[in-house]
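Structure first, commentary second.
Since we're looking at a predicted model, the values are computed, not measured.
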Amino acid sequence: RTPTDTCRRDVEHVHDRELSLALANLVRDAGGISYDELTTRVARLYGWTRRGPDISTRLHTLIAGLLASGSLTGSEHNLTAPTKWPESPQ
């Protein structure tokens, strides 16, 4: 599902936790995904037609936090979910 114009939210209206969960769940569901594909899919999920600097910076920061916390593993070429999830993704 994608949002309609009547319920569309700008990136600054989406909580970090919600975006982090979307990122982590997309990686888990894909089984492995590139950084670029992940950010494209998350943008599409929220109905954002392009990834401007505000969206790109926000997603980059959240992905870096997920990698640092162990909620995601890998590199920008192949992000994966750990076999055992940490207590609480950022």
Out of curiosity, [X] [atom1] to [Y] [atom2], how far, rounded to the nearest 0.5 Å?
X: Leu62; Y: Ser71; atom1: CG; atom2: OG; result: 11.5 Å
X: Glu37; Y: Arg44; atom1: CD; atom2: CZ; result: 6.5 Å
X: Ser56; Y: Asp36; atom1: OG; atom2: CG; result: 9.0 Å
X: Leu59; Y: Leu66; atom1: CG; atom2: CG; result: 10.5 Å
X: Leu23; Y: Leu72; atom1: CG; atom2: CG; result: 7.5 Å

- Note on the structure: Which of Thr39, Asp54, Val14 passes side chain to side chain contact (heavy atoms under 4.5 Å, CB included) with Trp48? Answer is Val14
Kindly indicate whether the side chain of [X], heavy atoms from C-beta on, has any atom under 4.5 Å from the side chain of [Y].
X: Arg28; Y: Asn25; result: yes
X: Ile33; Y: Arg41; result: yes
X: Ser34; Y: Asn78; result: no
X: Leu79; Y: Leu67; result: yes

- Message: Between Thr80 (side chain only) and Gly74 (backbone N and O only), is there a donor and an acceptor less than 3.5 Å apart?
- Response: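 No.
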- Message: For Val11, is there any backbone N or O sitting under 3.5 Å from a side-chain donor or acceptor partner on Arg58?
- Response: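 Yes, the answer is positive, given that a donor and an acceptor are paired below the 3.5 Å cut-off.
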